[in-house]
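As structure tokens, the structure follows; a few thoughts come after it.
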Protein chains: 2
Amino acid sequence: MTSYYNIYPKFLVSVDCIIFGFSEGTLKLLIQKRPYNPGLGMWSLIGGFVEQDESIDSSAQHVLTKFTGLHNIYMRQLEAFGEVERDPGQRVISIVYYALINMNNCINNMPKEYDAKWVDIDKVPHLCFDHNKMVDKARKKISEGLLDEPICSNLLPRFFTLSQLQSLHESIMGVSIDKRNFRRSIAEKKYVVKTEMIDKGNSRRGASLYEFCSE
Amino acid sequence: MTSYYNIYPKFLVSVDCIIFGFSEGTLKLLIQKRPYNPGLGMWSLIGGFVEQDESIDSSAQHVLTKFTGLHNIYMRQLEAFGEVERDPGQRVISIVYYALINMNNCINNMPKEYDAKWVDIDKVPHLCFDHNKMVDKARKKISEGLLDEPICSNLLPRFFTLSQLQSLHESIMGVSIDKRNFRRSIAEKKYVVKTEMIDKGNSRRGASLYEFCSE
DNA sequence: TCAAAAGTGTTAATAGTACACCCATGA
DNA sequence: TCATGGGTGTACTATTAACACTTTTGA
């Protein structure tokens, strides 16, 4: 009874993943040298093709795991890109996901193995096809929900200072934020809680460490 | 050089379209009796399969045109749905679009030809597969941007009263709105402008007609 | 004259923005 | 003792929310 469907064409479906990380005060993006033609050797998002036995969501997870060693990271779908000529080699419909991860938890031989690297978000090189457009849309999207949800909980170490959190917000949004206003707005969020610990690594005086509360 | 891709599987890709309309003070959804197995005869969103020579966006346009006769309607992508078993017949990846249209401009023999009909948004029957979930997500999405953009310009006739516009907003958001606050917020929007015309159809006193300004 | 929808302002609460100084400490 | 990053409060502005009566007119 499924024969009715069979008059329709089938397509390659890829997932492209926009992986954000954070270190040294700036937002980073994980990119790779493209291993296929067309565009062999160009910079691109990390990605892969969807397989028969995996959902598109889990396909995105597999891509992330392959490149970073991380499992069970919360990924969100950005959008499907389906222009006929978007991939000059062959028709490929791409479903784009994004995630924000803690770079320090990644396996560290990753970059060599897959020719991948982290780049500053404001220094992303020209990427193949429509990948730069994807990155722009994803960055815009994460800025929008930044204060409503604990989006950036994965970008920071388990315990972090408010200064770290602020520079992360600034980096994602691309603007600078008043310290007092920022701290007040964070104080209202239930998902960020102060711990008893003090971090002395970054200042003589020491800064209180916070964590994202789990719920 | 495209041979590398060919080790990967290909998929049927459908577009499902969530078409909102508005009449008699309530938001409506266009649904059809499913013409295929599995699920033959069940209610479903209007949809179709993507063809080789069309982008996913234009595929959605074609679906809309087929069912309504309308051309060049602004459609937005909601999300791609790609669970392995979402269609029990065969693996189909569905890309979901939504649009808001003026029901009165539709060709009116449409319902018979394709077994389609309009239903009140609060009385949507059980739809096949994951289609109800799609509708819920779309309704949530349109409520969010309602005051920022002239989203509902297509749902109303060219000239409309503020009462009509208000009940449309109420119907989309599923809440009731204070008349004075609503009218003030609309007065601030540049994209809604008052005309000299008065509509005497709905009240003895008559109500000013407004229109969406084009820009 | 009355029923029915159109139209109209004010006040209170809340959220957001701008802005500058003292604190604690180790070197 | 001083350089460095950590930490704090207040006044102003803009936005949102709550709330009830008068107007017009055809039947």
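The basis for the numbers below is simple: all heavy atoms, side chains too, and nothing from hydrogens, waters or symmetry mates.
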To the nearest Å, give me how far apart [atom1] ([X]) and [atom2] ([N]) are.
X: A/M197; N: D/dG6; atom1: CE; atom2: P; value: 17 Å
X: A/Q164; N: D/dG5; atom1: CD; atom2: P; value: 14 Å
X: A/N202; N: D/dG6; atom1: CG; atom2: P; value: 7 Å

CG of A/N154 to CE of A/M75, rounded to nearest 0.5 Å, is 11.0 Å
If you measure from the Lys or Arg side-chain nitrogens to the Asp or Glu carboxylate oxygens, is any gap between A/R184 and A/D178 under 4.0 Å?
no
| message | Closer than 4.0 angstrom, basic N to acidic O: yes or no for B/D130 and B/K137? | response | no
Protein-proximity profile, nucleotides 8-18 of chain C, B/S/- by nucleotide at the 4.0 Å heavy-atom cutoff, equals BBB------BB
All heavy atoms of B/F11 vs all of A/V13, minimum pair found to be CD1-CG2, 3.8 Å
Only residue of B/I31, B/I18, B/D136, B/D16 satisfying side chain to side chain contact (heavy atoms under 4.5 Å, CB included) with B/H131 is B/D16
| query | Is A/S208 near enough to D/dG7 that one of its side-chain N or O atoms lies under 4.0 angstrom from OP1 or OP2? | reply | yes
| request: Give a yes/no answer on whether the side chain of B/S163 brings an N or O atom under 4.0 Å of OP1 or OP2 in C/dA6. | output: yes
| Just checking, any donor-acceptor pair under 3.5 angstrom between side chains of A/S59 and A/E54? |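 There is such a pair (donor and acceptor under 3.5 Å, judged by atom type) between the side chains of A/S59 and A/E54.
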Worksheet item: Within the structure shown, what part of the strands sits under 4.0 Å from A/T161 by heavy-atom distance: base, sugar-phosphate, or nothing?
Response: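 Answer is nothing: A/T161 stays at 4.0 Å or more from every strand.
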query: Taking the six-membered ring for Trp, are A/Y191 and A/F212 parallel (under 30°), tilted (30 to 60°) or perpendicular (over 60°)?
result: parallel
B/F20 and B/I142: side-chain contact (heavy atoms from CB on, under 4.5 Å), yes or no, with the steps?
-> CA-CA 10 Å; B/F20 293 109; B/I142 60 171; 3.8 Å; yes
Mind listing the N/O atom pairs, protein and nucleotides 25-27 of chain D, below 3.5 Å?
| unit_1 | atom_1 | unit_2 | atom_2 | d |
| --- | --- | --- | --- | --- |
| D/dG26 | N2 | B/R204 | NE | 3.3 |
| D/dG26 | N3 | B/R204 | NE | 3.2 |

